[in-house]
Amino acid sequence: MAKELSSREDNYSQWYTDLVTKADLAENSAVRGCMVIKPYGYAIWESMQAALDRMFKDTGHQNAYFPLFIPKSFFSKEASHVEGFAKECAVVTHYRLKNDPNGKGIVVDEDAKLEEELIVRPTSETIIWDTYRNWIQSYRDLPLLINQWANVVRWEMRTRLFLRTTEFLWQEGHTAHETMGEAIAEAEQMLRVYAEFAEEWMAMPVLRGVKSPNERFAGAVETYCIEALMQDGKALQAGTSHFLGQNFAKAFDVKFLSKENKQEYVWATSWGVSTRLMGALVMSHSDDHGLVIPPKLAPIQVVIVPIYRNAEQLEMVAVKAREIKKSLEARGLRVKFDDRDTQKPGFKFTEWEFKGVPVRIAIGPRDLENETVEVARRDTLEKEVLQMTGLDQKLVNILEQVQKNLFQKALDFRNLNTFKVDSWDEFLVQIEKGGFILAHWDGTAETEQKIKDETKATIRLIPLTNDGKPGKCVYSGKPSTQRVYFARAY
RNA sequence: CGGGGUAUAGCGUAGUCCGGUUAGCGCGCCUGCUUUGGGAGCAGGAGGUCGUAGGUUCGAAUCCUACUACCCCGACCA
């Protein structure tokens, strides 16, 4: 492979880009800002999708699919929503090409101009609420719990593989409820689902909270979020869940007849996570040796590398290796036997390490004699020789340990990099070092903006539960009811 | 979209200032032999319209103009 990886210390963003491209997760495409997700990267995304989809279904949601294109007029119906997205929309104006009459090439046929221009969805609230109007008449039609897996387009100035691309993949849930309380409960429930997914599956600890009004989703009454800390000390928003109040119901006239026979507007939520989670995954666990993927999401959980000197030895080793593979698969593990004869073992070790496979088994003639295998863990890079007897269970246990260890390491890192700060001087020093800063804030948008202008730090979230300890704003000195989390963010 | 940089084989690069043989090297790739418990060795071989389009010149990777893409830094954002 001969792949040189930049170190995290030397150049964190180069390290990230190297990792994503050289581990075959994704690459830049011919289209500016858009990426090609390669098979190995897509397999991880599919793992994420599968787990999330199960969790959505388990909480009563169904999948559906709405169009890629949104009539421009829909878009302008909810005022703050348009304002939030207008600056980054791709617009379809024509529907036909023709041969250039002046010579070579192909040009837009100006005669084929659309009556009404179409927006390529940056999110689907408008088209969905326009549709829901026809689906909802009675309280009996509620709650309506729908999710869709889709691509969306946001015309970003600067893009980075997975973290911010012009087109990205995501899921967006859109629900309608009878009461405000039910809608809030839904938004909070989905936040819990996201947090559980991040922590249990991605082994990535997250903070839960709500956004300040400034950082709220365009059109939302309240935005709940999970935030994770990356290894370079920057925060990353990993998922959001919005309580939309009756904003979209009113904009799209979605009413239902209540039990009391009264026309009422429905209450709404929306929630989403995107392929950005891939970036979060990479930046949470990986090291200077390459990717580290938590076992629960790894496309390959165990790779078996045969060691041999000649064809006869290969055959003997391969028989044993296939036996091991089969019995591990019977335990539900995803196993690859790397029997390529074109690469040497050392090469394979490095390659699978680079790709973040959690556990590697090496098996050679010596092992056949001794009834052993060599097992190496990706998270700790430790190797040990294990007896073949009971190997399946040992590997199941090791994978569980790896999953736990990755979470614990990330949690320890976050704890070490979260600081209570009570003075502005201290804030200025600490923000340069990275990490979360827990500080008092007077609750005003002005202060928030000034802090952002002076330090590039934003309020990542306001904790869900007030710790009940009032104080003084770190910037203005005015009274504050609770501490909030600040950080520089992706 | 502003400021700066880069563009030569799949990847990394030399050559560009000062125009002049057949554009060189490493990795990777192909063939063969030897190898195989942490990125193999030797031998032979394939692969380039020098980002694109114009221009200057007897002659352009090299000089000029425009465009495009990518990287870094800002503004915007999940």
Side-chain angles (χ1 to χ4, degrees), chain A residues 1-6 11-14 17-18 21-22 27-35 83-89 104-105 122-123 152-172 194 211 214-218 223 225-228 235-242 270-280 289-290 305-311 313-314 317 338-354 360-370 372-374 376 381 383 385 452-453 456 458 460 489-490:
Chain A
M1 194 152 56
K3 287 179 176 166
E4 293 301 318
L5 178 62
S6 307
N11 188 341
Y12 190 84
S13 59
Q14 190 62 48
T17 307
D18 283 357
T21 54
K22 292 176 179 172
E27 63 188 33
N28 279 307
S29 72
V31 185
R32 180 197 187 94
C34 295
M35 64 178 167
E83 201 191 326
F85 286 106
K87 283 174 290 181
E88 49 186 14
C89 285
K104 48 190 172 181
T123 180
V152 287
V153 167
R154 295 181 189 176
W155 216 264
E156 300 289 352
M157 297 301 166
R158 269 182 81 184
T159 59
R160 294 188 68 192
L161 293 168
F162 289 119
L163 295 173
R164 177 165 301 110
T165 47
T166 299
E167 178 191 18
F168 57 95
L169 305 184
W170 78 344
Q171 60 67 218
E172 46 181 327
Y194 287 155
K211 286 294 186 192
N214 261 355
E215 301 273 326
R216 219 172 256 158
F217 175 74
T223 288
C225 65
I226 53 172
E227 291 274 334
L236 184 131
Q237 179 171 305
T240 51
S241 174
H242 315 288
S270 69
W271 28 274
V273 295
S274 72
T275 35
R276 181 177 236 206
L277 289 179
M278 294 286 294
H289 297 274
V305 176
I307 314 288
Y308 54 92
R309 287 177 188 281
N310 51 49
Q313 281 189 353
L314 170 60
V317 169
D338 186 358
D339 60 353
R340 287 176 296 175
D341 192 33
T342 51
Q343 262 73 26
K344 294 181 62 177
F347 180 95
K348 294 177 183 176
F349 290 175
T350 313
E351 180 173 43
W352 292 118
E353 205 163 274
F354 198 86
R360 178 188 74 230
I361 297 176
I363 175 165
R366 226 154 55 205
D367 295 303
L368 294 183
E369 278 175 33
N370 302 333
T372 58
V373 292
E374 181 194 83
L381 297 170
K383 290 194 280 199
V385 175
K452 187 179 177 184
D453 292 343
K456 293 182 201 158
T458 50
R460 300 320 302 160
Y490 275 97

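Chain letters run A, B, ... following the sequence lines, proteins first, then strands; residues in each count from 1.
For the pair Asn370(A) CG and G37(B) P, the computed distance is 18 Å after rounding to whole Å. We find that CZ of Phe354(A) is positioned 12 Å from C1' of G39(B), with the value rounded to whole Å. When the C1' atom of C76(B) is taken as reference, atom CD of Glu156(A) falls 7 Å away, rounded to whole Å. What separates CG of Leu368(A) from C1' of U36(B) is a distance of 15 Å, to the nearest Å. Taking atom CD on Glu215(A) and atom P on C76(B), their separation rounds to 11 Å, with Å as the unit. Put simply, CG on Asn310(A) is 10 Å from C1' on U36(B), counting in whole angstrom units. Per the geometry, CZ belonging to Arg340(A) stands 11 Å off P belonging to C29(B), to the nearest Å. We find that CD of Glu351(A) is positioned 17 Å from P of G38(B), with the value rounded to whole Å.
If you check every strand for non-hydrogen atoms under 4.0 Å, Gln313(A) touches nothing. Residue contacts shown for Arg360(A) include a base, since a base heavy atom lies under 4.0 Å away. As judged by a 4.0 angstrom heavy-atom cut-off over every strand, Leu163(A) is placed among the base-contacting residues. Within the 4.0 angstrom heavy-atom criterion, only backbone atoms of the sugar-phosphate kind lie near Gln237(A); the bases stay farther away. Tyr490(A) comes within 4.0 angstrom of nothing in the nucleic acid, heavy atoms only.
Heavy atoms from other residues, nucleotides or ligands lying under 6.0 Å from CD of Glu83(A) number 12 at most. Within a 6.0 Å sphere centred on CH2 of Trp155(A), heavy atoms belonging to other residues, nucleotides or ligands number 12 at most. Atom CZ of Arg340(A) has more than 12 neighbouring heavy atoms from other residues, nucleotides or ligands inside a 6.0 Å radius.
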Just the atom pairs and distances: protein N or O near nucleotides 68-73 of chain B's N or O, under 3.5 Å.
| from | atom 1 | to | atom 2 | distance (Å) |
| --- | --- | --- | --- | --- |
| C70(B) | OP2 | Arg32(A) | NH1 | 3.2 |
| C73(B) | OP2 | Arg158(A) | NH2 | 2.6 |

Show the distances under 3.5 angstrom between N or O atoms of the protein and N or O atoms of nucleotides 40-47 of chain B.
| from | atom 1 | to | atom 2 | distance (Å) |
| --- | --- | --- | --- | --- |
| A40(B) | O4' | Lys344(A) | NZ | 3.2 |

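The CD1 atom of Ile363(A) lies 7.5 Å from the OG1 atom of Thr372(A); values are rounded to the nearest 0.5 Å.
Taking atom P in both G48(B) and C25(B), one finds a spacing of 15 Å when rounded to whole Å.
A donor-acceptor contact under 3.5 Å is not formed by the side chain of Gln343(A) with the base of G39(B).
Salt-bridge check for Glu351(A) with Arg360(A): failed, with every basic side-chain N at 4.0 Å or more from each acidic carboxylate O.
In this structure, the side chains of Tyr308(A) and Asp341(A) come closer than 4.5 Å at one or more pairs of heavy atoms. Residues Met35(A) and Thr275(A) are in side-chain contact: their nearest non-hydrogen atoms beyond the backbone lie under 4.5 Å apart. With a 4.5 Å cut-off on side-chain heavy atoms, Gln171(A) and Trp271(A) count as touching. At a threshold of 4.5 Å between non-hydrogen side-chain atoms, the residues Glu167(A) and Arg154(A) do not count as touching. With contacts defined as side-chain heavy-atom distances shorter than 4.5 Å, the pair Pro122(A)/Lys87(A) does not qualify. Looking at heavy atoms from C-beta onward, Leu163(A) lies in side-chain contact with Leu236(A) at the 4.5 angstrom threshold. Looking only at side-chain heavy atoms (C-beta outward), Glu215(A) and Thr223(A) stay at 4.5 Å or farther from each other.
Of the side-chain N and O atoms in Arg366(A), none sit less than 4.0 angstrom from OP1 or OP2 of G37(B).
Along RNA chain B, the nucleotide nearest Lys452(A) and the nucleotide nearest Asp367(A) are compared for position; the residue whose nucleotide lies closer to the 5' end is Asp367(A). Comparing Ala489(A) and Ala376(A) against RNA chain B, the residue whose closest nucleotide sits nearer the 5' end is Ala376(A).
Helical stems in RNA chain B, defined as runs of 3 or more consecutive Watson-Crick or G-U wobble pairs with donor-acceptor distances under 3.5 Å: B:1-7 with B:68-74, B:10-13 with B:24-27, B:29-34 with B:40-45, B:51-55 with B:63-67.
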